[in-house]
Asks: 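Right, I'll just put the structure down here and ask away after.
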Amino acid sequence: MHSRPRDDDPRLGDLSEGEILRAILNRTARGAHTVIGPGDDAAVIAAPSGSVVATTDTLVHGPDFRMAWSSGFDLGWKSAAVNLADIAAMGARPTALLVALAVPRDLRLSFVESLADGFREACAALAPGCAVVGGDLTVSDVLTVAVTALGDLEGRQAVTRSGARVGDVVAVAGELGHAALGLSVLFGRFRDGDTPVPIDRAALGAGERAALDAQLRPSPPIGLGPFAAIAGATAMMDISDGLALDARRLAAASEVTIALDGGALGENVERALGGGEDHALLATFPPGIPPAGFRAIGEVVARGEDALLVDGAPVEASGWDPYRDWDSASG
Ligand SMILES: Nc1ncnc2c1ncn2[C@@H]1O[C@H](COP(=O)(O)OP(=O)(O)O)[C@@H](O)[C@H]1O
Ligand SMILES: Cc1ncc(C[n+]2csc(CCOP(=O)(O)OP(=O)(O)O)c2C)c(N)n1
Ligand SMILES: [Mg+2]
């Protein structure tokens, strides 16, 4: 995002906690729902509708991102986006983020500053009014960003995973498989042996660059979460681990089968089904044309032997499982 001479960019180990915190807070905007922001023992957030939607997601160096591939800004943006998506998926409007950082002492201050910029800009772009209201700072050899997001239902009922009814239309808002394509570009093109190396964007085509952006700096359709709730969504979730896996979770929670139309899943059906991290919104609506921003991809049918069908046939439960899929030896 911004650069300055290395001498003027101290490592965190050369600074005090107070100095690092000041640098972060200088770059943090005040949210529309913030009653008391950072600086005291805890923040106070307005909860106009009397209940608070709360979620947390952690990004760990290794299984979730690599320093060679993600700038501080990217990491801040993505950490915000994946949490905002979980709030949106309940039909709520994000109001506040709490950010716990465990950072190595040799990290540059500019990285943490860019991280704070990424959080601020992701909130401004994806969830206006939402802001970082507090957090924590500690030292660790493994860079870790643990985020808690809060949201407001604005007087509505939450849209859960369990409300899909037989006959509902299954719809999606946002991308399917782009972030996974980006990840395959990273692992396929930007490693030296097993070691991640910096990205050379000039070596990529426009499609690959867009896929990289989808992976490193995703823009889930946060505003469409509350919009879907208003439009009568019966069930909703964000797709973090791949459509096949997450649609199965929604089907199981609703005790139905989801029957997808392969022709509605784009050119690469396998990637659309297996690719995680786009944080598209998967929702069901009463029969008819889904609301603006959503496209129909299937139908809810009575619970059968398989929770998920694509063109009438069962499919492999592809998708991301960190315990199964992360190999610490492969970058
Ligand atoms: N360590 C934990 N303690 C309590 N609940 C957890 C824990 N980890 C996950 N959960 C809950 O399990 C559910 C599924 O988690 P997760 O797969 O992380 O959700 P998502 O994919 O939407 O981020 C969520 O409701 C989450 O709050
Ligand atoms: C360096 C790196 N390796 C692997 C991945 C792949 N990856 C990490 S998290 C994830 C999916 C979602 O992660 P999870 O922790 O299950 O999030 P949640 O479902 O809780 O939202 C994927 C596909 C990645 N993004 N970056
Ligand atoms: Mg989710």
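Just so you know, residue 1 is the first one in the sequence shown, and it goes up from there. Just follow the structure's listing: the first ligand is 1, and inside any ligand the first atom is 1.
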Asks: In terms of atom number and element, which parts of ligand 2 are under 4.0 angstrom from non-hydrogen atoms of Arg66?
Replies: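 Per the distance check, 1 (C).
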Asks: Let me see the working for Asp74 and Ser71 under side chain to side chain donor-acceptor pair (under 3.5 Å), right down to the final yes or no.
Replies: CA-CA 5 Å; Asp74 290 342; Ser71 66; 3.3 Å; yes
Asks: Does Asp57 come within less than 4.0 Å of ligand 2, judged by its heavy atoms?
Replies: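 The answer is yes: ligand 2 sits under 4.0 Å from a heavy atom of Asp57.
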Asks: Looking at Glu255, I'd like to know if its CD atom is crowded, meaning that more than 12 non-hydrogen atoms belonging to other residues, nucleotides or ligands lie closer than 6.0 Å.
Replies: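 Open: at most 12 neighbouring heavy atoms sit under 6.0 Å from CD of Glu255.
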Asks: Tell me whether Asp241 has any N or O atom under 3.5 angstrom from an N or O of ligand 1.
Replies: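 No; the residue has no nitrogen or oxygen that sits under 3.5 Å from a nitrogen or oxygen of the ligand.
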Asks: Checking Thr284 side chain against Ala235 main chain: does a donor-acceptor pair fall under 3.5 Å?
Replies: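 Side chain of Thr284 to backbone of Ala235, a donor-acceptor pair under 3.5 Å: yes, one is there.
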Asks: So, do Leu309 and Val315 sit near enough that their side-chain heavy atoms are less than 4.5 Å apart?
Replies: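 No - every pair of side-chain heavy atoms lies 4.5 Å or more apart.
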Asks: May I ask you to decide whether Arg201 forms a salt bridge with Asp213, counting only side-chain N to carboxylate O separations under 4.0 Å?
Replies: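 Between Asp213 and Arg201 there is a salt bridge, with a charged N closer than 4.0 Å to a carboxylate O.
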Asks: Could you tell me, atom by atom, which parts of ligand 2 come under 4.0 Å of a heavy atom of Asp241?
Replies: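 Listed by number with element: 11 (C), 12 (C), 13 (O), 14 (P), 16 (O), 19 (O).
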Asks: Which ligand 2 atoms are under 4.0 Å away from a heavy-atom of Leu183?
Replies: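 That gives atoms 5 (C), 6 (C), 24 (C), 25 (N), 26 (N) of ligand 2.
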Asks: My question is simple, although I want it checked carefully: is atom 16 (P) of ligand 1 less than 4.0 angstrom from any protein heavy atom?
Replies: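 No; the ligand atom in question lacks any protein heavy-atom contact below 4.0 Å.
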Asks: Any donor and acceptor pair, going by atom type alone, linking the side chain of Asp200 with main-chain N or O of Ala202 inside 3.5 Å?
Replies: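 Yes, the answer is positive, given that a donor and an acceptor are paired below the 3.5 Å cut-off.
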Asks: If you measure from the Lys or Arg side-chain nitrogens to the Asp or Glu carboxylate oxygens, is any gap between Asp152 and Arg93 under 4.0 Å?
Replies: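 Salt bridge: no.
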Asks: From atom 15 (O) of ligand 2, work out which of Leu59, Asp64, Asp86 has a heavy atom at the shortest distance.
Replies: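 Looking at heavy atoms only, the winner is Asp64.
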Asks: Could you tell me whether a side-chain N or O of Asp192 sits under 3.5 Å from a main-chain N or O of Thr195, the two making a donor and an acceptor?
Replies: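 Checked: no pair found.
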Asks: Suppose we measure from atom 18 (O) of ligand 1 to each protein heavy atom; which comes out shortest, and what is that distance?
Replies: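 Looking only at protein heavy atoms, the one closest to atom 18 (O) of ligand 1 is Asp57 OD1, 4.6 Å.
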Asks: Need the atom name: nearest N/O/S atom of Asp86 to the Mg ion (ligand 3).
Replies: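 Result: OD1.
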Asks: Evaluate the criterion side-chain contact (heavy atoms from CB on, under 4.5 Å) for residue pair Leu115 and Phe73; output intermediate values, then yes/no.
Replies: CA-CA 5 Å; Leu115 185 90; Phe73 188 91; over 6 Å; no
Asks: If you measure from each heavy atom of Gly62 to ligand 2, is any distance below 4.0 Å?
Replies: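 Flag set, Gly62 near ligand 2.
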Asks: Distance check, rounded to the nearest 0.5 Å: Leu273 atom CG versus Leu260 atom CG?
Replies: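 So the gap between those two atoms works out to 7.0 Å.
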Asks: For the Mg ion (ligand 3), what is the closest N, O or S atom on Asp238?
Replies: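 Atom name of the closest N, O or S in Asp238: OD1.
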Asks: Which atoms of ligand 2 are found less than 4.0 Å from any heavy atom of Phe187?
Replies: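 Counting atoms of ligand 2 from 1, those under 4.0 Å from Phe187 are 3 (N).
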Asks: Can a salt bridge be assigned to the pair Asp241 and Arg249 using a cut-off of 4.0 Å between side-chain N and carboxylate O?
Replies: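 Judged by the 4.0 Å cut-off on N to carboxylate O distance, Asp241 and Arg249 do form a salt bridge.
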Asks: Check this for me, if you would: do Glu277 and Lys78 make a salt bridge, where the nitrogen-to-carboxylate-oxygen distance has to be below 4.0 angstrom?
Replies: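 A salt bridge links Glu277 with Lys78.
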Asks: Return the residue, atom name and 0.1 Å-rounded distance of the protein heavy atom closest to atom 22 (O) of ligand 1.
Replies: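 Here the closest protein heavy atom is Asp86 OD1, 3.0 Å.
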Asks: Taking it one step at a time, do Arg108 and Glu113 satisfy salt bridge (charged side-chain N to carboxylate O under 4.0 Å, His left out)?
Replies: CA-CA 9 Å; Arg108 297 280 179 184; Glu113 290 176 333; over 6 Å; no
Asks: I need the contact type for Thr55 against ligand 1. Using non-hydrogen atoms and a strict under-4.0 Å cut-off, is it side chain, backbone, both or neither?
Replies: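 Within the 4.0 Å criterion, Thr55 makes no contact with ligand 1.
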Asks: Taking non-hydrogen atoms only, is Tyr323 closer than 4.0 angstrom to ligand 2 via side chain, backbone, both or neither?
Replies: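 Tyr323 to ligand 2: no contact under 4.0 Å from either part.
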Asks: I want to confirm something. Looking only at heavy atoms, which of Gln215, Glu277, His279 is nearest to atom 22 (C) of ligand 2?
Replies: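 Checking each option, the heavy atom nearest atom 22 (C) of ligand 2 is found in Glu277.
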Asks: Flag Ser240 as yes when one of its N or O atoms lies below 3.5 Å from any N or O atom of ligand 1, and as no otherwise.
Replies: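 Yes.
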Asks: Would you say atom 5 (N) of ligand 1 has a protein heavy atom nearer than 4.0 Å?
Replies: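 For atom 5 (N) of ligand 1 the answer is no, since every protein heavy atom stays at 4.0 Å or beyond.
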Asks: Measure from atom 5 (C) of ligand 2 to every heavy atom in Ser240, Ala68, Pro63 and give the option owning the shortest one.
Replies: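 Going through Ser240, Ala68, Pro63 one by one, Pro63 has the nearest heavy atom to atom 5 (C) of ligand 2.
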Asks: Using a distance threshold of 2.8 Å, state whether an N, O or S atom of Asp246 lies below it from the Mg ion (ligand 3).
Replies: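 Short answer: no, not a single N, O or S atom is under the cut-off.
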Asks: Tell me which protein heavy atom sits closest to atom 19 (O) of ligand 1, plus the residue, atom name and distance to 0.1 Å.
Replies: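 So the nearest neighbour among protein heavy atoms is Arg161 NH2, 4.3 Å.
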